A.B. asks: 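Got a structure for you, questions after.
Note that the structure is predicted; figures quoted are calculated from it, not measured.
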Amino acid sequence: SFSTLQSYLQALAQTPRRLASRAPSVSSSYEELSRVKARSGSDMQRTLRWFDLVGLGIGGMVGAGVFVTTGRASRLYAGPAIVVSYAIAGLCALLSAFCYTEFAVHIPVAGGAFSYLRITFGEFAAFLTGANLITEYVMSNAAVSRGLTSYMGAAMGISTTKWRFILPLLPNGFNEIDLVAPAIVLILTLIICYSTRESSVVNMILTTLHILFIAFVILMGLWKGDWNNFTHPGNPQHPSGFFPYGASGVFNGAAMVYLSYIGYDAVSTMAEEVRDPVKDIPIGVSGSVIIVTILYCLMAASMSMLLPYDMIDVEAPFSAAFSGRSEWVARVIGVGASFGILTSLLVAMLGQARYMCVIGRSNVVPAWFARVHPKTSTPVNASAFLGIFTAAIALFTDLNILLNLVSIGTLFVFYMVSNAVIYRRYVMVGTTKPWPTLSFLCLFSLTSTIFTLVWHFTPPGKPKPFLLGACVVIAISILQVFHCMVPQARKPAFWGVPFMPWLPSISIFLNVFLLGSLDGPSYVRFGFFSALAVLVYVLYSVHASFDAEIEGSLGQKNVEIVEESKQSGEEEDPSQKV
């Protein structure tokens, strides 16, 4: 399709037929673990254990959440109830983590959500999700690296204005140039290109130091803090109480701090490098989410005790909370936050490179990204490309713009994975009909959406509680009918989400609800990047995938696929369309 201009024009003329062929095409677990994996050349070495995954999870999450988003979410949305916001976001992340774990144990490859959706909903759904994942990781890493410069300045007693400068020719939000953030991103890129095992060791050292600083911050907050700050603002004219902005503010805050749970998703991409996926992945993913949620709530409480919510610094909340009281404590917190943000950057950059590597294996982006270096056993091409791209964005983009975009991308991906785990449990292609399960997923998502719209846009009054209660009753009824009438088509061989389909359904509801808590511009940016991803798929990816199928890279006779599926314990035919 891409050999000559004439060939490409002919391929574009056949786009509808190729879309009908490739967009809904479903891969199989066997194919993902064999031929698709082999396209990287060398294998990634299985060197990680459960404690490595827990360390990577803690390191990946803590720095991004507490030290970048807490101040903004508390001051603008939740107030002292930021503690509750973290608990809600943590519950949502834990339920989504269960869904990720079931897939990661069954298909221990580096593709994460991309691979899970490719074997469930087909190539197009996987590509759209993969594109949002890459966008999410690049934006979050750029945001966190800029947050790191704020804490480095606090640690050294230097204002960030000393190393950031304004370019008046650029629009607001993109005109503050930060030279330190991209330099840090590029140094970490070199580390992750060198070795995964050594990256894990570096993460363990930094995470251990970081946990010590977290304990220090919690204890200092309890010692120096004032319980009255939980209910009294600094300015009496501002809303008071533990919930100054009501329940909507709590959920708006939860949506913003959800950025902090991206780290566990990165842990699932390390599945291809885990020695014992069945044992290590459930402990590593779920354990890290639980530990981090507890730490977040304690640190948010500590910060709320130190200062009234309307006096919290949105850029470096913990360091600023101690400024004027204990300058040496502010310096120590700046150092500790810097360690935490470094670990979150390291883990997230490991994850984004593995996502891009597996997307390259599927031929929807150039196969160059899929190459694994024979000496380092790491996806060097993907790591280097995304590292440079992240550094370029961190150079000039404002933190607030990045955070809103990242939150919506994270929630969308977690929503898709929660749907996928239900679909895969209840549908076996060629054996069961997909329509009952698809109908349930659509109806449940629609009911969740209506509940969210009523919550946010219906004015207070008697009709609102009635409408919300009706939505809850309808959602539970739909769920119970589906649970009683549609039997599960397959049982997980090793590890599965408990209380199916209740827990994944709750995850779907929470993700939809948190998506409704985000502002309008976030949806505009999300729609723009999703439309851009669709355009790339139509103009390039579907044709590259079609070429690979014709050449035998993806396609295979049905008889061979059935035989291989039986060898892997599956009876599905991947050539069928969802």
A.B. asks: Just by distance, no angles: are the side chains of T70 and Y86 close enough, under 3.5 Å, to form a donor-acceptor pair?
C.D. replies: yes
A.B. asks: Taking D310 for its side chain and P233 for its backbone only, find out whether a donor-acceptor pair lies under 3.5 Å.
C.D. replies: no
A.B. asks: Give a yes or no on whether Y523 atom OH has more than 12 heavy-atom contacts from other residues, nucleotides or ligands under 6.0 Å away.
C.D. replies: yes
A.B. asks: Assert yes or no for the condition that the ring centre distance of W227 to F230 is strictly below 6.0 Å.
C.D. replies: yes
A.B. asks: When rounded to the nearest 0.5 angstrom, what distance separates CG in L188 from CG in L350?
C.D. replies: 9.5 Å
A.B. asks: My understanding is that only one of I291, T293, V292 makes a side-chain contact (heavy atoms from CB on, under 4.5 Å) with V289; could you say which?
C.D. replies: T293
A.B. asks: Hey, are the side chains of L395 and I177 touching, using non-hydrogen atoms and a 4.5 Å cut-off?
C.D. replies: yes
A.B. asks: Ignoring hydrogens and angles, tell me if any N or O in the side chain of Y296 forms a donor-acceptor pair with the backbone of M61 under 3.5 Å.
C.D. replies: yes
A.B. asks: Stepwise, does the side-chain contact (heavy atoms from CB on, under 4.5 Å) test hold for R49 with K279?
C.D. replies: CA-CA 9 Å; R49 300 300 302 272; K279 173 187 174 183; 4.3 Å; yes
A.B. asks: Please tell me whether Y355 and F114 form a close aromatic pair, meaning their ring centres lie under 6.0 Å apart.
C.D. replies: no
A.B. asks: Between I82 and S304, is the side-chain contact (heavy atoms from CB on, under 4.5 Å) condition met? List the steps.
C.D. replies: CA-CA 8 Å; I82 187 65; S304 297; 3.7 Å; yes
A.B. asks: Taking atom types as modelled, is there a side-chain donor on Y415 or S445 under 3.5 Å from an acceptor on the other?
C.D. replies: yes
A.B. asks: Evaluate the side-chain proximity of V421 to P504: yes if any heavy-atom separation is below 4.5 Å, no if none is.
C.D. replies: yes
A.B. asks: Distance from N511 atom CG to I508 atom CD1, nearest 0.5 Å?
C.D. replies: 8.5 Å
A.B. asks: Please round to the nearest 0.5 Å and tell me the distance separating atom CD1 of I184 and atom OG1 of T189.
C.D. replies: 11.5 Å
A.B. asks: Tell me, with the steps shown, if I388 and V185 meet side-chain contact (heavy atoms from CB on, under 4.5 Å).
C.D. replies: CA-CA 8 Å; I388 294 171; V185 170; over 6 Å; no
A.B. asks: Counting only heavy atoms not in F389, do more than 12 fall under 6.0 Å of its CZ?
C.D. replies: no
A.B. asks: In this structure, are over 12 heavy atoms from other groups packed under 6.0 Å from M204 atom CE?
C.D. replies: yes
A.B. asks: What heavy-atom pair brings E102 and V497 nearest, and what distance separates the two atoms?
C.D. replies: OE1-N, 2.8 Å
A.B. asks: Apply the side-chain contact (heavy atoms from CB on, under 4.5 Å) test between F451 and each candidate in L468, I474, L467; give the one that qualifies.
C.D. replies: L468
A.B. asks: Would you check if the distance from the ring center of Y245 to the ring center of H238 is below 6.0 Å?
C.D. replies: no
A.B. asks: For L479 versus S505, what's the shortest heavy-atom pair and its separation?
C.D. replies: CD1-OG, 3.3 Å
A.B. asks: How about F444 and F509: are their ring centroids closer than 6.0 Å?
C.D. replies: no
A.B. asks: So do the side chains of L222 and S302 get within less than 4.5 Å of each other, counting heavy atoms only?
C.D. replies: no
A.B. asks: What's the verdict on side-chain contact (heavy atoms from CB on, under 4.5 Å) for S74 and I312, showing C-alpha distance, side-chain angles and the deciding distance?
C.D. replies: CA-CA 8 Å; S74 179; I312 292 173; 3.5 Å; yes
A.B. asks: Is the ring pair F513/W455 parallel, tilted or perpendicular, if the boundaries are 30 and 60 degrees?
C.D. replies: perpendicular
A.B. asks: Side chains of S268 and I281: does their closest heavy-atom pair fall under 4.5 Å?
C.D. replies: no
A.B. asks: What is the distance from atom CE of M416 to atom CG of L133, rounded to the nearest 0.5 Å?
C.D. replies: 10.5 Å
A.B. asks: Are side-chain heavy atoms of T452 and L515 found at a separation under 4.5 Å?
C.D. replies: no
A.B. asks: Provide the closest heavy-atom pair for S507 versus S96 in the form atom of the first, atom of the second, distance.
C.D. replies: OG-OG, 3.1 Å
A.B. asks: Within the 4.5 Å heavy-atom criterion, are L53 and I283 side-chain neighbours or not?
C.D. replies: no
A.B. asks: Is any side-chain heavy atom of P80 closer than 4.5 Å to one of N229?
C.D. replies: no
